[in-house]
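What follows is a single structure, written as structure tokens, with notes after it.
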Amino acid sequence: MNKAFFLFLLIPFLAFSQDFSDEDYIYLKRHEHIKIELNKHKFNIAKNISEQAEYLTSKKLVFANEAMHFDSFTTIEDIEAYTYIPSTNKKINVDYIETKRAFDNGVFYSDQESKNFTFPAVTKGAVTNLSYKEIIKDPHFLGLFRFGSFVPTKSAQLSIEFPKNVTIGYIDFNTQGINLDFKKELSGDNNIYTWTVNNIKGFQGEEDSEAILYYLPHIIVYIKSYEKNGKTHNVLNDVSDLYKWYTSLVDQIDVNALDKVYAIADDIVKPLNTKREKAEAIFNWVQDNITYVAFEDGLGGFIPRGAASVCDKRYGDCKDMANLLYEMLNHVGITSYRTWIGTRNRNYSYFDVPTPMVDNHMINTAIVENDTIFLDATDSYVPFGMPSAFTQTKEALLGIDENNFKVIKVPVQDAKKSTSKITSKITFDNGTIKVKEKRALKGYEKVEFISNYTYKKDDKTEEEFLNTTLALGNNKTKYTNITKANFDNKNTPLILSYDLTIDSYTKTISDKIYVNLNIDRTLSKSKIDNLKERKYSKKIDYKFNRDFTSTFEIPEGYKASYIPKALSFENPNYSFKISYTVKDNVITQHKFLNVNTLSIKNENFESWNSFIKSLTKAYKKSIILEKI
């Protein structure tokens with residue numbers, strides 16, 4: 001390529017350039033152009049993608065590895081990729097592109113594939129160029145465009161070209177802080193909408209923040225409708241159109257051999273009387289007997305598999321489990337609905353964005369004695385009556401019948417439903433602290449512990465797992481006599497018991513011994529750092545209470561010369577109370593913590609830090625023993 005011509009290509013970017021010289025890697029451009037054609041009632045949709053990036057240093061050469069993803073709804077064509085070296089005026093083409101399947105490991109199956117390659121000869125100053133065409137096979141899946149990325153972008157642009165008889169819907173998110181330019185043009189019989197933003201900074205996630213789509217500037221475009229022969233044909237004009245498409249998929253469910261499913265349901269509820277008992281028993285059976293395996297395989301990723309097949313194979317994904325619950329519950333006289341829903345990672349409403357982008361999950365909703373109960377059997381440990389934690393606050397699309405639906409929100413669960421009650425008997429023997437402790441966990445507190453134990457314990461011993469999970473005392477804490485009760489019983493709290501031996505925990509100064517009863521310092525490391533630089537809210541998975549009662553027996557020959565005063569912090573969203581009482585030779589500490597929110601907003605960072613600071617200060621208070 002002629003060097004002068006290449007520099008000519010860069011002129012548009014230089015004209016509005018911003019100083020990103022302290023970066024290692026930037027996008028010079030990320031452009032997408034969607035062209036929609038309509039032939040009779042059939043859409044032909046192609047997305048032309050063009051990216052150009054510059055390596056300002058040699059520190060991020062790993063970005064030379066590129067992957068373009070596609071699945072049953074898309075194909076990738078006409079790939080052109082090369083590296084340009086300005087210092088030598090060389091253009092070096094990519095000569096090998098490998099196609100890989102994304103997942104197929106027995107736990108997650110996907111039809112997603114990718115075209116993978118590495119840009120050659122990348123070094124400081126290199127400019128990589130990539131262009132390709134993505135064919136979109138289904139008009140329900142135009143997707144989204146991210147104006148922002150993980151690194152700065154000098155020019156980000158989305159354009160969509162479509163016939164005049166087609167109506168396009170769009171909604172942008174998190175664009176208040178960027179200079180987003182939008183224009184409409186006519187080109188023959190087509191409309192062209194173009195969104196452009198120049199010199200947009202990179203977006204990096206922060207610890208415990210919400211999912212990236214909560215703050216990354218992006219836009220969702222979709223086809224609302226088209227006109228043909230004076231008649232309007234809706235595609236995704238509103239949520240009713242989305243539901244109509246979903247019901248067309250539901251109509252394809254295999255309903256053969258349902259007698260087998262009904263026989264199992266009848267057997268499950270045979271000894272039971274009330275609808276609540278029956279609903280709970282069926283939910284528990286599906287949780288316990290159907291192994292969750294995620295599938296994304298074309299329309300198979302949207303159409304539930306037949307309930308009989310799921311029962312026979314004993315595995316299924318979210319929609320398979322939801323459909324199985326639907327068949328079983330309705331068979332025994334319990335009204336239930338297949339329910340589409342998005343997890344908390346997707347901050348969208350069905351009414352704002354009536355597209356499949358809103359949801360990525362499916363559950364069942366049962367009506368039991370006038371109670372609306374959300375049933376998510378993919379969460380093997382959540383108790384009947386509680387939704388999965390990651391669906392709280394989300395809109396649920398209930399399929400009432402072929403033509404009717406309802407959109408309702410999943411309520412946030414009260415902190416009282418997720419409690420840990422901890423009782424500790426602490427003694428002091430020859431300089432060593434010994435503790436007999438019992439924890440009763442229910443709700444999401446129990447779900448989280450069992451999930452961590454099941455999926456994260458790996459080859460750790462029980463003691464190693466508890467040491468890393470609970471982090472009690474100090475780094476010399478030893479656990480013995482560990483027992484677990486009600487691990488598999490969802491209706492009763494998980495009871496976790498163990499004995500602790502903690503060396504080098506007390507402090508002796510002169511003739512005084514300092515003993516800190518706060519062997520559990522929950523939330524002490526939850527301070528939000530860098531308040532001025534922090535941009536995004538702090539996510540909390542669920543509301544919870546933790547209630548501690550610790551008794552300390554004053555050893556013979558000693559007296560307590562100092563007992564800490566009661567301390568507390570009150571806020572509607574987070575609070576604690578710690579108090580001490582003395583009776584005979586026993587000191588009792590009562591400690592209660594409450595977190596009553598799912599998100600700490602930026603304007604509340606200082607208040608949250610004040611809460612953590614006050615709590616940490618209270619944790620440092622010790623009783624003082626002196627010899628009599």
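For clarity, every value in this text was computed on a predicted model and none was experimentally measured.
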Side chain to side chain donor-acceptor pair (under 3.5 Å) between Thr549 and Thr423, intermediate numbers included: CA-CA 5 Å; Thr549 301; Thr423 56; over 6 Å; no
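- When only modelled atom types and interatomic distance are considered, Tyr215 and Ser537 share no side-chain donor-acceptor pair under 3.5 Å.
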Where do Asp254 and Asn256 land on the side chain to side chain donor-acceptor pair (under 3.5 Å) test, with the steps shown first? CA-CA 6 Å; Asp254 181 2; Asn256 290 316; 2.9 Å; yes
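- Gln287 and Asp379 get closest at one heavy-atom pair: NE2-O, 2.7 Å.
- Listed for the Asp241 side chain is a donor-acceptor partner under 3.5 Å among the backbone atoms of Asn237.
- At a threshold of 4.5 Å between non-hydrogen side-chain atoms, the residues Asn174 and Tyr214 do not count as touching.
- For Thr247 (side chain) and Tyr243 (main-chain N/O), a donor-acceptor pair under 3.5 Å exists by modelled atom type.
- Taking both residues in full, the closest heavy atoms of Arg344 and Gln392 are given as CG-O, 3.5 Å, listed atom of the first, atom of the second, then distance.
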Determine whether Tyr453 and Glu462 satisfy the following criterion, side chain to side chain donor-acceptor pair (under 3.5 Å), listing intermediate values before the conclusion. CA-CA 9 Å; Tyr453 185 91; Glu462 300 270 321; 2.2 Å; yes
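- Looking only at distances, a side-chain donor or acceptor of Ser349 sits under 3.5 Å from a matching main-chain atom of Phe351.
- A donor atom on one side chain and an acceptor atom on the other are found under 3.5 Å apart for Glu445 and Ser420.
- Side chain to side chain, Thr175 and Asp172 meet the donor-acceptor criterion of an N or O pair below 3.5 Å.
- Here the options are Ile290, Asn289, Leu329, the test is side chain to side chain contact (heavy atoms under 4.5 Å, CB included), and the partner is Leu324; only Ile290 passes.
- Of the possible polar contacts, none joining the Asp376 side chain to the Ser388 backbone as a donor-acceptor pair under 3.5 Å is found.
- Salt-bridge annotation for Glu437 and Arg439: present, with a side-chain N of the basic residue lying under 4.0 Å from a carboxylate O of the acidic one.
- The backbone N or O of Trp285 sits nowhere less than 3.5 Å from a side-chain atom of Asp288 that would complete a donor-acceptor pair.
- Residue-environment remark: CD (Glu207) stays at or below the threshold of 12 foreign heavy atoms within 6.0 Å.
- With a 4.5 Å cut-off on side-chain heavy atoms, Tyr498 and Asn481 do not count as touching.
- Lys406 NZ: 12 or fewer foreign heavy atoms inside a 6.0 Å radius.
- Residues Leu144 and Phe173 are not in side-chain contact: their nearest non-hydrogen atoms beyond the backbone lie 4.5 Å or more apart.
- In this structure, Lys409 and Thr393 have side chains that are not in contact, with every pair of non-hydrogen atoms separated by 4.5 Å or more.
- Closest of all the heavy-atom pairs between Leu615 and Leu523 is CD2-CB, 3.9 Å.
- The two residues Lys490 and Pro383 come nearest to each other via the heavy atoms O-CB, 3.7 Å.
- Stacking of Arg546 on the aromatic ring of Phe544 is recorded, both the 6.0 Å distance cut-off and the 45° axial limit being met.
- Scanning all heavy atoms of the two residues, the minimum distance from Phe203 to Pro217 falls at CZ-CD, 3.4 Å.
- No side-chain N or O of Asn573 forms a donor-acceptor pair with one of Asn596 less than 3.5 Å apart.
- Checking side-chain atoms of Asp458 against main-chain N and O of Lys460 turns up no donor-acceptor pair under 3.5 Å.
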Derivation and outcome, side chain to side chain contact (heavy atoms under 4.5 Å, CB included), residues Asn452 and Lys457: CA-CA 7 Å; Asn452 286 336; Lys457 181 176 179 289; over 6 Å; no
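- Side-chain contact between Ile223 and Leu142 is present, with at least one heavy-atom pair separated by less than 4.5 Å.
- Between Asp414 and Lys416 no salt bridge is recorded (no basic side-chain N to carboxylate O distance below 4.0 Å).
- With rounding to the nearest 0.5 angstrom, the CD1 atom of Ile612 is 8.5 Å from the CD1 atom of Ile528.
- Here the side chain of Thr469 pairs a donor or acceptor atom with the backbone of Phe465 at under 3.5 angstrom.
- In this structure a side-chain-to-backbone donor-acceptor pair under 3.5 Å is present from Asn330 to Ser336.
- The 12-atom threshold is not exceeded at NZ of Lys478, counting heavy atoms of other residues, nucleotides or ligands nearer than 6.0 Å.
- The pair Asp529-Lys527 meets the salt-bridge criterion, with a side-chain N (NZ, NE, NH1 or NH2) lying under 4.0 Å from an Asp/Glu carboxylate O.
- Annotation: Trp608 is in aromatic contact with Phe611 [ring centroid separation under 6.0 Å].
- None of Tyr246, Tyr222, Phe73, Trp245 except one satisfies the ring pair (Phe, Tyr, Trp, His ring centres under 6.0 Å) rule with His140; the exception is Trp245.
- With Thr454 contributing its side chain and Ser451 its backbone, the two residues share no donor-acceptor pair below 3.5 Å.
- Counting only heavy atoms from C-beta outward, the side chains of Lys417 and Met386 approach each other to under 4.5 Å.
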Pair Asp312, Lys260 - check side chain to side chain contact (heavy atoms under 4.5 Å, CB included), show working. CA-CA 9 Å; Asp312 286 343; Lys260 297 179 182 179; 3.8 Å; yes
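- Within a 6.0 Å radius of CD in Glu402, no more than 12 heavy atoms belonging to other residues, nucleotides or ligands are found.
- Residues Ile220 and Tyr170 fail the side-chain proximity criterion, which asks for heavy atoms closer than 4.5 Å.
- When Arg534, Lys538, Lys539, Lys535 are each tested for a side chain to side chain donor-acceptor pair (under 3.5 Å) with Glu206, only one passes: Arg534.
- A salt bridge links Arg276 and Asp371; the closest N-O separation between the charged side-chain nitrogens and carboxylate oxygens is under 4.0 Å.
- For Arg338 and Tyr326, the positive end sits near the middle of the six-membered ring, less than 6.0 Å away and at most 45° from its axis.
- Atom NZ of Lys438 sits in a sparse spot, with 12 or fewer heavy atoms from other residues, nucleotides or ligands closer than 6.0 Å.
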Go through the steps to decide whether Lys275 and Glu277 satisfy the test salt bridge (charged side-chain N to carboxylate O under 4.0 Å, His left out), and finish with yes or no. CA-CA 5 Å; Lys275 287 189 175 182; Glu277 290 173 332; over 6 Å; no
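- Taking each heavy atom of Tyr536 and Phe605 in turn, the nearest pair found is O-CZ, 3.2 Å.
- Every residue meeting the side chain to side chain contact (heavy atoms under 4.5 Å, CB included) condition with Val358, not counting sequence neighbours, appears here in chain and number order: Tyr348, Tyr350, Val353.
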Go through Asn467 and Thr477 one step at a time and tell me if the side chain to side chain donor-acceptor pair (under 3.5 Å) criterion holds. CA-CA 8 Å; Asn467 240 326; Thr477 301; 5.2 Å; no
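- The main-chain N or O of Leu236 is never found under 3.5 Å from a side-chain atom of Asn234 such that the two would form a donor-acceptor pair.
- Proximity of Glu327 to Leu258: side-chain heavy atoms (C-beta onward) are separated by under 4.5 Å at one or more points.
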